[in-house]
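Quick notes on the structure that follows.
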Protein chains: 2
Amino acid sequence: MSLAEPASLPDLRLELAPPDVEAPLAVAVLLADRNRATILAILREGPHCVCELAAALDERSNNVSNHLARLRDAGLVRAARPAADTRRVYYERDEAACTAALAQLNNLLEPIR
Amino acid sequence: MSLAEPASLPDLRLELAPPDVEAPLAVAVLLADRNRATILAILREGPHCVCELAAALDERSNNVSNHLARLRDAGLVRAARPAADTRRVYYERDEAACTAALAQLNNLLEPIR
DNA sequence: GAGATATATCAGCTGCGACTGACACACTCT
DNA sequence: AGAGTGTGTCAGTCGCAGCTGATATATCTC
């Protein structure tokens, strides 16, 4: 294995430059909240409006609205008002953006080669 | 698209059961810290000891040690003491565990089909 | 041996993000 | 028109995760 013991230990390498992790970090921060993660999971099945999500999460709708705004700003979900009742706002996942987000996490977690 | 407007809007569905997101959430929480994300990125290249990581991150070693303990508890990294200097602790990624963690995030982000 | 080095643990502090509550606005229904 | 519904914004509060500083242990170097 890669931790096999050499006869002599290499010198300390204190000059390592930290790699840029901004993009995967931003995705992880978005997913690292139970309500946002659950919202993304629920929306896999199809679009839902804010009050449906709030009921499923047992959270106030303004709180859910805030989380949806975060996800929308990141591009992971889209909003649309149905013509039949323009009070409601239905949210659906942007699958392309979700796939792109997953690719960022891939960069962090997959082996180097 | 899936948000095409039907003639009539479906009734509100307020009985939705929230799906279980514990596993992907735990992974996301681990990755949602800049230091931990950077540690995982640095360790892609190979094993490093705590003080090397602390230097690269410009953080105190006790802080880095704490983050490494979190990653180790989650199984994402392993620790080993080299016989040549047992003061140091070299950490390396557990690639199988990282791949498994990525699969959890996959469950959350990939399209339903 | 003395002093320096490397890691880890722990109590305490602090900043940030999630939640609350109040409010605003637009629309639907009767 | 008036009441009710659905969503969004914002200031304020609060809990918690990350950082600090002190301390402990063990090892290496001289």
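In what follows, chains carry the letters A, B, and so on, assigned in the order in which the sequence lines appear, proteins first and then strands, with residues in each chain numbered from 1.
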Original post:
Under 4.0 Å between a side-chain N/O of A:R60 and OP1 or OP2 of C:dG21, yes or no?
Top reply: yes
Original post:
B:C98 pairs by side-chain contact (heavy atoms from CB on, under 4.5 Å) with which of B:L43, B:V27, B:V77, B:L76?
Top reply: B:L76
Subject >> Between P of D:dG8 and CG of A:L68, the distance in whole Å >> reply: 7 Å
Original post:
Does the side chain of A:H67 get closer than 4.0 angstrom to OP1 or OP2 of C:dG17 through an N or O atom?
Top reply: no
Subject >> Distance test, side-chain N/O of B:Y91 to OP1/OP2 of C:dA6, below 4.0 Å >> reply: no
Original post:
Taking atom C1' of D:dT5 as reference, at what distance in whole Å does atom CG of B:L14 sit?
Top reply: 12 Å
**OP:** Using heavy atoms to find the nearest nucleotide of DNA chain D for B:A32 and A:V89 separately, return the residue whose nucleotide is more 5′.
**Re:** A:V89
**OP:** Check every atom of D:dT27, D:dT7, D:dG18 against the side chain of B:T86 and return the nucleotide holding the closest atom.
**Re:** D:dT27
**OP:** Report the distance from atom CZ of A:R81 to atom C1' of C:dC27, rounded to the nearest whole Å.
**Re:** 9 Å
**OP:** Let me know the distance between CG of A:D11 and P of C:dA6, rounded to the nearest Å.
**Re:** 11 Å
**OP:** Report the nucleotide, chosen from D:dT7, D:dG18, D:dG8, that has the shortest atom-to-atom distance to any side-chain atom of A:S65.
**Re:** D:dG8
Original post:
So what does A:L12 touch, heavy atoms closer than 4.0 Å: a base, only the sugar-phosphate, or nothing?
Top reply: sugar-phosphate
Original post:
Between B:R78 and B:E92, is the closest basic N to carboxylate O distance under 4.0 Å?
Top reply: yes
**OP:** Answer yes or no: does a side-chain N or O of A:R70 lie under 4.0 Å from OP1 or OP2 of C:dG17?
**Re:** no
Original post:
Rounding to a whole Å, what distance do you find between A:R34:CZ and C:dC19:C1'?
Top reply: 15 Å
Subject >> N/O (side chain, A:N63) to phosphate O (OP1/OP2, C:dA18) under 4.0 Å >> reply: no
Original post:
If you take atom types as modelled and just measure distance, does the side chain of B:R87 reach the base of C:dT5 with a donor-acceptor pair under 3.5 Å?
Top reply: yes
**OP:** With the side chain counted from C-beta on, respond yes when B:H67 and B:I39 share a heavy-atom pair under 4.5 Å apart, and no when they do not.
**Re:** yes
Subject >> Length of the line joining B:L25:CG and C:dA18:P, which is rounded to integer Å >> reply: 12 Å
Original post:
Can you tell me how far P of C:dT9 sits from CG of B:D73, to the nearest Å?
Top reply: 9 Å
Original post:
Once you round it to whole Å, what is the distance between P of D:dT29 and CZ of B:R88?
Top reply: 9 Å
Subject >> Position toward the 5' end of DNA chain C (nearest nucleotide), A:R36 or A:N62 >> reply: A:R36
Original post:
What's the spacing between A:L105 CG and A:L31 CG if we round to 0.5 Å?
Top reply: 6.5 Å
Original post:
Taking atom CG of B:D58 as the centre, does the number of heavy atoms from other residues, nucleotides or ligands within less than 6.0 Å exceed 12?
Top reply: no
Original post:
When you check the phosphate oxygens OP1 and OP2 of D:dC19, does a side-chain N or O of B:N35 lie under 4.0 Å from one of them?
Top reply: yes
